[in-house]
Amino acid sequence: MADAVSTIDASKDMQDCSERPAEVCQSDSGGGAILRNTKQLTALPLAQQANNEQSNDEQLYCATSSSKPTTDITAAAATSPVTGMSSLPSTPTTTSSAVVVHFFASFHRICVVTALLPLVTLFTCFVTAYVFQYDDVHETHCRVYNIVPSISAITGVSPQRYFWRLSIALHIGPRFPIAFVYKNFYRSMLGNLQQRRPHLVPKADLLISLILILNIIEISSLGGVTYISNRENYPIHEKIFITFMVCSLCYMLATIKLHGMLFEEESQLLPVQRESIKWKKILFAISIVSTVGLLFFFAKHRFYCHDLAFSWFAFFEYVIAIANMLFHFTIIWDFPSQFMIIVQGPKNRIEEVFKRASGKWE
């Protein structure tokens, strides 16, 4: 939390507001204080409650009253530095129309952590299992020579299984809201498609719904494969893994197809958008080739028990897993400057604040 709060008069131009590094910009009508800066957040503190409890937790406060502040408490809070909750009067100032920001974070950083977490964990599990538990992770039903353990093997021994399961649990949590963020992002672009090629709008809308469903099934299947290991219940583990593979490839294909509809001319795209589409296509092609190789060597291992067949199967399994992770990692180009906010307040007031802010900043 910053040490001081800078305030802006409602009559000042928005250009002056945008030049300040960290401040709360108040709307012309007196309703709505919008956070501008993302690296150093400043805001108005909440007044103490009626019971006069001392609170050391600072909250971000955006006043959204439709009328001008009339109390000395609000005026003092708006013009003085944030020095502590105890320095404010004890009279409560929160009203039913207030919007309180409880969480404000870079969506970009959340996506980076979410995408890299399983990749780093997988590498750690592979190295530790290969070095310290070589015999355990190379055991197969054929009992033939093997040099590359499968993902199920390195994440099925202890303590790697606990590390992997914890990592996937932390990874899956943010991926569900990310799936819905993608859905809303694609839906917001249907307006432009309606103007250019209206006959494709129904098909694009259907693809958006399909992408959401496939993404949710893929995420759920990942959790199933993780928590139902091949050593505990191999038939169920195998079926869930097949579901994960099919939904993952279909999700990639549907996403690329939808991008082709929404972004007809790549020359008009931003560099980050072109980079995202390019890598999505490359990673999808790698996944398709690796899937063919995986199926081929799995058959050789299962039915003929050839030497090193399982190693090649495991190799293609790693390639598919890494390609899948990197495909989802392209979200850093799709949402380079978005933010995740959790606010408290009446829904109509929250919508009004953000619509007003969006209209002024466009």
Side-chain angles (χ1 to χ4, degrees), residues 115-161 163-165 167-168 171 218-219 221-232 234-253 256 279-330:
L116 289 182
L117 186 60
L119 184 61
V120 174
T121 305
L122 182 64
F123 176 78
T124 305
C125 290
F126 178 84
V127 173
T128 55
Y130 202 91
V131 173
F132 300 107
Q133 294 159 297
Y134 185 88
D135 293 333
D136 293 335
V137 297
H138 285 88
E139 182 181 355
T140 65
H141 77 281
C142 289
R143 301 187 180 278
V144 294
Y145 181 66
N146 213 18
I147 58 173
V148 181
S150 67
I151 294 177
S152 299
I154 65 172
T155 59
V157 295
S158 180
Q160 285 84 353
R161 75 161 64 96
F163 187 32
W164 176 249
R165 289 178 178 181
S167 171
I168 293 301
H171 167 78
E218 179 191 342
I219 298 169
S221 301
L222 176 61
V225 168
T226 300
Y227 290 96
I228 303 176
S229 68
N230 60 341
R231 298 190 178 189
E232 296 171 348
Y234 181 80
I236 298 298
H237 177 87
E238 184 181 42
K239 290 178 176 61
I240 297 177
F241 177 75
I242 294 173
T243 302
F244 171 80
M245 289 290 302
V246 171
C247 290
S248 174
L249 294 175
C250 291
Y251 168 79
M252 292 180 181
L253 179 61
I256 294 172
W279 279 105
K280 280 181 170 67
K281 293 178 179 179
I282 293 174
L283 293 169
F284 174 68
I286 292 175
S287 298
I288 290 293
V289 174
S290 300
T291 300
V292 174
L294 180 140
L295 295 175
F296 175 75
F297 285 104
F298 178 78
K300 290 187 68 174
H301 166 71
R302 172 62 68 88
F303 301 112
Y304 303 104
C305 287
H306 287 179
D307 288 345
L308 297 178
F310 191 79
S311 295
W312 280 106
F313 164 81
F315 169 78
F316 285 114
E317 187 183 26
Y318 284 108
V319 174
I320 291 172
I322 294 173
N324 178 269
M325 295 176 194
L326 294 179
F327 188 94
H328 291 288
F329 191 70
T330 58

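We count residues from 1, following the sequence as given.
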Any chance you could lay out the side-chain contact (heavy atoms from CB on, under 4.5 Å) test for Thr128 and Phe163, step after step, and finish with the verdict? CA-CA 11 Å; Thr128 55; Phe163 187 32; over 6 Å; no
Would you please test Phe297 and Phe310 for side-chain contact (heavy atoms from CB on, under 4.5 Å) and show each step? CA-CA 7 Å; Phe297 285 104; Phe310 191 79; over 6 Å; no
If you apply the rule side-chain contact (heavy atoms from CB on, under 4.5 Å), what do you find for Glu238 with Phe241, and how did you get there? CA-CA 5 Å; Glu238 184 181 42; Phe241 177 75; 5.7 Å; no
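Residues Trp164 and Leu122 have side chains in contact (heavy-atom distance under 4.5 Å, counting atoms from C-beta outward). Proximity of Cys125 to Thr121: side-chain heavy atoms (C-beta onward) are separated by under 4.5 Å at one or more points. At a threshold of 4.5 Å between non-hydrogen side-chain atoms, the residues Met252 and Phe327 count as touching. Contact annotation: the side chain of Leu222 approaches that of His171 to within less than 4.5 Å [non-hydrogen atoms, C-beta and beyond]. Counting only heavy atoms from C-beta outward, the side chains of Arg161 and Thr155 never approach each other to under 4.5 Å. Looking only at side-chain heavy atoms (C-beta outward), His138 and Tyr130 come within less than 4.5 Å of each other. Annotation: side chain of Tyr251 is not in contact with side chain of Leu249 (no heavy-atom distance under 4.5 Å). Between Leu326 and Trp279, the closest side-chain pair of non-hydrogen atoms is not below 4.5 Å.
The two atoms that bring Val148 and Ser311 nearest to each other are N-OG, 3.2 Å, heavy atoms only. Closest non-hydrogen pair, Ser221 versus Ile240, comes out as O-CG2, 3.3 Å.
Side-chain contact annotation: His328 with Glu218, donor-acceptor N/O pair under 3.5 Å present. Residues His237 and Ser152 have side chains that bring a donor and an acceptor to within less than 3.5 angstrom of each other.
The aromatic rings of Tyr318 and Phe126 stand perpendicular to each other, their planes meeting at an angle above 60°, with 30° marking the opposite boundary.
Residues satisfying the side chain to side chain donor-acceptor pair (under 3.5 Å) criterion with Thr124, sequence neighbours excluded, are absent altogether.
The number of heavy-atom neighbours closer than 6.0 Å to OH of Tyr134, taken from other residues, nucleotides and ligands shown, is above 12.
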